[in-house]
Visitor: 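One structure, as structure tokens, below. Some questions next.
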Amino acid sequence: MFCCKCGNPVDADARFCCVCGTPVEREQTQPVYRVYMSTEGASLVNYKFVVRDAQGNVRYTAATVSEAMFTHHARLYYTNGAEALQVHQQKKMTLAAMNFDLVTPDGRHITEVLQKNKLTKYVYEMPQIGLVADGDFVSHNFTYTRNGQTVAKVSMKWLTWGDSYEIEFSDPSLEQILLGTILVFEMVLGASRRRR
């Protein structure tokens with residue numbers, strides 16, 4: 001559960017946010033879903049991931065692909081191998097920003113994922129669905145907001161082999177979109193590592 005004002009975690013039995021003092025709004029409490037996305041394998045340019053639920057059951061697999069001319073794509077798959085979501089890097093360049101599109105398997109556009117420069121770091125906007133991702137993407141510690149309200153939180157899951165994300169959200173319809181955007185962040189981080 002998160003504070004409706006500042007987005008910080010709030011204990012389940014707390015009456016006020018311990019950071020900003022805002023009263024906890026119990027009537028807005030929704031079930032919290034958690035999934036874990038971890039690296040399953042990697043080459044120099046491509047990565048494979050597995051997504052598990054809180055009980056450890058595999059929900060999805062995913063893979064990123066870097067092609068010639070530094071073009072990046074990713075796919076999210078159901079456990080039966082069917083595609084759930086596609087991620088494509090946009091061909092147009094905007095001041096070296098890497099922008100992407102989230103697309104359904106049948107080619108319907110869901111949203112753009114636009115890299116925006118905010119002072120000394122990037123934030124990511126998904127304008128068609130009103131989401132903004134902000135935080136420390138390198139350390140896997142960031143939040144998603146919609147209209148100023150936190151709708152999902154991502155953090156590093158420690159004591160696991162390889163990089164693992166813990167994704168916490170209350171709206172199950174956002175699950176695949178959140179996973180697709182995390183694939184975007186992985187491709188951007190991978191591209192910056194290769195440039196060094």
Side-chain angles (χ1 to χ4, degrees), residues 2 7 33 35-37 39 45-49 51 59-78 82-156 163 165-195:
F2 300 101
Y33 301 95
V35 294
Y36 302 89
M37 183 173 178
T39 307
V45 293
N46 301 325
Y47 293 85
K48 293 185 179 180
F49 302 90
V51 179
R59 292 190 48 76
Y60 303 95
T61 58
T64 64
V65 178
S66 297
E67 299 173 350
M69 302 293 291
F70 304 103
T71 303
H72 307 280
H73 303 284
R75 301 264 194 288
L76 182 68
Y77 299 96
Y78 294 107
E83 274 190 14
L85 186 74
Q86 299 176 5
V87 182
H88 302 288
Q89 184 179 358
Q90 293 179 350
K91 301 294 184 201
K92 57 187 174 195
M93 295 295 288
T94 57
L95 299 174
M98 294 177 70
N99 296 322
F100 291 81
D101 290 305
L102 299 185
V103 181
T104 63
D106 62 2
R108 286 181 289 122
H109 189 263
I110 300 169
T111 187
E112 293 177 294
V113 182
L114 304 175
Q115 192 181 59
K116 302 287 186 170
N117 198 340
K118 180 181 177 185
L119 298 176
T120 60
K121 64 175 186 161
Y122 286 112
V123 298
Y124 291 86
E125 295 177 0
M126 288 123 292
Q128 288 81 9
I129 56 176
L131 288 180
V132 175
D134 190 2
D136 186 347
F137 299 99
V138 175
S139 70
H140 307 341
N141 187 19
F142 52 94
T143 58
Y144 293 84
T145 57
R146 179 183 280 153
N147 299 324
Q149 299 289 322
T150 300
V151 296
K153 183 172 181 159
V154 177
S155 56
M156 172 72 87
D163 281 354
Y165 293 87
E166 179 181 66
I167 305 109
E168 193 173 286
F169 55 101
S170 57
D171 182 352
S173 70
L174 291 176
E175 181 179 36
Q176 291 180 3
I177 291 168
L178 298 174
L179 294 171
T181 57
I182 290 173
L183 291 171
V184 166
F185 309 147
E186 278 293 325
M187 289 185 285
V188 171
L189 290 171
S192 71
R193 286 190 290 262
R194 287 190 294 277
R195 283 195 295 266

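For the single chain, residues carry numbers from 1 onward in sequence order.
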Visitor: When Asp101 is tested against each of Gln89, Gln128, Gln90, Gln86 for side-chain hydrogen bond (donor to acceptor under 3.5 Å, both in side chains), which residue passes?
Guide: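 Among the candidates, only Gln90 passes.
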Visitor: Can you sort out the partners of Tyr60 under side chain to side chain contact (heavy atoms under 4.5 Å, CB included), two or more places apart, ordered by chain and number?
Guide: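 Only Val51, Leu76, Tyr78, Ala84, Glu175, Gln176, Leu179 meet the side chain to side chain contact (heavy atoms under 4.5 Å, CB included) criterion with Tyr60.
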Visitor: Quick one: are Phe169 and Val35 in side-chain contact, heavy atoms under 4.5 Å?
Guide: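 In contact.
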Visitor: Step by step, would you call Lys121 with Asp136 a salt bridge (charged side-chain N to carboxylate O under 4.0 Å, His left out)?
Guide: CA-CA 9 Å; Lys121 64 175 186 161; Asp136 186 347; over 6 Å; no
Visitor: With a 4.5 Å cut-off on side-chain heavy atoms, are Phe137 and Val154 touching?
Guide: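 A side-chain contact under 4.5 Å is absent here.
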Visitor: Quick one: does any side-chain atom of Gln115 pair with a main-chain N or O of Met98 as donor and acceptor, under 3.5 Å?
Guide: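 Yes; at least one donor-acceptor contact below 3.5 Å.
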Visitor: Could you tell me if the side chain of Met37 sits less than 4.5 Å from the side chain of Arg59, heavy atoms only?
Guide: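 They are not in side-chain contact.
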Visitor: Can you tell me how the ring of His72 sits relative to the ring of Phe100, calling it parallel under 30°, perpendicular over 60° and tilted otherwise?
Guide: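 Ring orientation, 0 to 90° scale: tilted.
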Visitor: Is any side-chain heavy atom of Asp134 closer than 4.5 Å to a side-chain heavy atom of Phe142?
Guide: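 Not touching, per the 4.5 Å side-chain cut-off.
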Visitor: Are Asp171 and Val151 packed together at the side-chain level, in the sense that at least one heavy-atom pair is separated by less than 4.5 angstrom?
Guide: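 A side-chain contact under 4.5 Å is absent here.
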Visitor: Examine distances only and state if a side-chain atom of Arg146 and a backbone atom of Ile129 form a donor-acceptor pair shorter than 3.5 Å.
Guide: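 Pair found, side chain donor or acceptor close to backbone of Ile129.
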Visitor: Can you classify the ring geometry of Tyr124 versus Phe185 as parallel (below 30°), tilted (30 to 60°) or perpendicular (above 60°)?
Guide: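 Plane angle between 30° and 60°, so tilted.
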Visitor: Any side-chain heavy-atom pair from Leu183 and Leu85 closer than 4.5 angstrom?
Guide: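 Result no, sub-4.5 Å side-chain heavy-atom pair not found.
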Visitor: Hey, are the side chains of Glu112 and Pro127 touching, using non-hydrogen atoms and a 4.5 Å cut-off?
Guide: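 Yes, close enough: below the 4.5 Å cut-off.
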Visitor: State whether the number of non-hydrogen atoms from other residues, nucleotides or ligands found under 6.0 Å of Asp106 atom CG is greater than 12.
Guide: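 It does: Asp106 CG has more than 12 such atoms within range.
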